[in-house]
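Nothing here was measured: the structure is a model prediction, and the numbers come from that model.
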Amino acid sequence: MSTAPQIVTTIAELRHRIKALRQDDARIGLVPTMGALHAGHLSLIQEITNHVDVTVVSIFVNPAQFAPHEDFDRYPRTLMADAEKLGVSGETDLIFAPSVGEMYPPGFATRIEVAGPAIGLESDSRPRFFSGVAVVVSKLLVAAMPDVAMFGEKDYQQLLVVRKMVADLGLNMRILGSPIVRERDGLAMSSRNAYLTADDRKIAGQLNVILQSLIAELRDGAAITTVEESGKRALLEVGFKSVDYLAVRDAETLAPLTNLDRPARILAAATVGTTRLLDNMAV
Ligand code: PAF
């Protein structure tokens, strides 16, 4: 029988436990999550164990990164099931699951704004999103002071924003990205896939198929702007309700590109039914 990892809920307890673990020179890894864990999260955790001795997983649905009209209230909260999954996979040493009051005590007044890779794409539709992510991730990183923190490439822009923030603040830790884990039809795994109806789910599976065919067109020499426009049309034609963006960008800075003279990434956000999906791929 597997034993679920211990759950700590306060920053003081987390620091205390990590300090004790460090006395044996253990390298600490942190995987920040919002819970509702799926195979994508488990792969982040498995990957980080190649780099560290002790793995801490944080589970916190962060209100600061949701706009008032978004899904904060209905976002799945499954702490006990998550702890069991982590127990079964056996790679997590400690879970940090703070309350909202622990992370944002009354009077909390700090904002963190990252420019650079945070400008455009997600920010155009979700203007407060990256400042909400930046404040919670910096708070988690400062509390745990890991040697390595691991983020999924599904949220590719988020990964670049966190990397930039950590570099700019001079935090002494490595931020690693782990490849997207996909369902059998290629749909990127996401906790929000649970919102999809059966009809939505069929349409959702087209997102990665369309991105792959756009990459093939780019490799055959099609112009970036043509591919971006035909990709948006293709998503609407297969049944997506709206497309927030479909863009080919510099893979390191997310700056717009006019030609493929450097590593590029194609990124998209589109809504099917009431569910907003993200995906991205190396070009
Ligand atoms: O990617 C997520 O799940 C969240 O944005 C993160 C990084 C855990 C911050 O709340």
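Side chain to side chain, E70 and Y75 fail the donor-acceptor criterion of an N or O pair below 3.5 Å. Of the N and O atoms on the side chains of D71 and Y195, at least one donor lies less than 3.5 Å from an acceptor on the other residue. There is no side-chain donor-acceptor pair under 3.5 Å between S43 and Q46. R249 and Q157 form no side-chain donor-acceptor contact under 3.5 Å, judged by distance and modelled atom types alone.
In this structure, D82 does not pair ionically with R77, as no charged nitrogen and carboxylate oxygen lie closer than 4.0 Å.
Remark: L44 CG to T55 OG1 distance equals 11.0 Å, nearest 0.5 Å. Of the inter-residue distances, the one linking T10 atom OG1 with R17 atom CZ reads 11.0 Å to the nearest 0.5 angstrom. Note: L246 CG to I210 CD1 = 9.0 Å, rounded to the nearest 0.5 Å.
With contacts defined as side-chain heavy-atom distances shorter than 4.5 Å, the pair M281/R265 does not qualify. In this structure, the side chains of L30 and L141 come closer than 4.5 Å at one or more pairs of heavy atoms.
Listed by first then second residue, pairs satisfying side chain to side chain donor-acceptor pair (under 3.5 Å) with a partner in residues 103-114 read N62-Y104, not counting sequence neighbours. Legend: side chain to side chain donor-acceptor pair (under 3.5 Å) pairs involving residues 131-150, not counting sequence neighbours, sorted by first then second residue: R22-D147.
Checking side-chain atoms of D155 against main-chain N and O of G152 turns up no donor-acceptor pair under 3.5 Å. Under a 3.5 Å cut-off, the side chain of D279 and the backbone N or O of L267 do not form any donor-acceptor pair. A donor-acceptor pair is defined here as one N or O able to donate and one able to accept, closer than 3.5 Å; no such pair exists between the side chain of Q158 and the backbone of F130.
Under the 4.5 Å side-chain contact rule for hydrophobic residues, L140 and M145 share a cluster. Hydrophobic clustering, with ILVMFWY side chains joined whenever heavy atoms are under 4.5 angstrom apart, keeps I59 apart from V88. Under the 4.5 Å side-chain contact rule for hydrophobic residues, V133 and M150 do not share a cluster. Connection of L79 to L37 is established within a shared hydrophobic cluster, with ILVMFWY side chains joined at heavy-atom distances below 4.5 Å, either directly or through further cluster members. Both L159 and V136 are assigned to one and the same hydrophobic cluster, defined by single-linkage of ILVMFWY side chains at heavy-atom distances under 4.5 Å.
Each of K202, Q206, R201 was checked for a side chain to side chain donor-acceptor pair (under 3.5 Å) with D185, and the lone residue meeting it is R201.
Within a 6.0 Å sphere centred on CD of E217, heavy atoms belonging to other residues, nucleotides or ligands number more than 12. In the displayed structure, D261 atom CG is contacted under 6.0 Å by more than 12 heavy atoms of other residues, nucleotides or ligands.
With sequence neighbours left out, L42 forms a side chain to side chain contact (heavy atoms under 4.5 Å, CB included) with I45, L86, S89.
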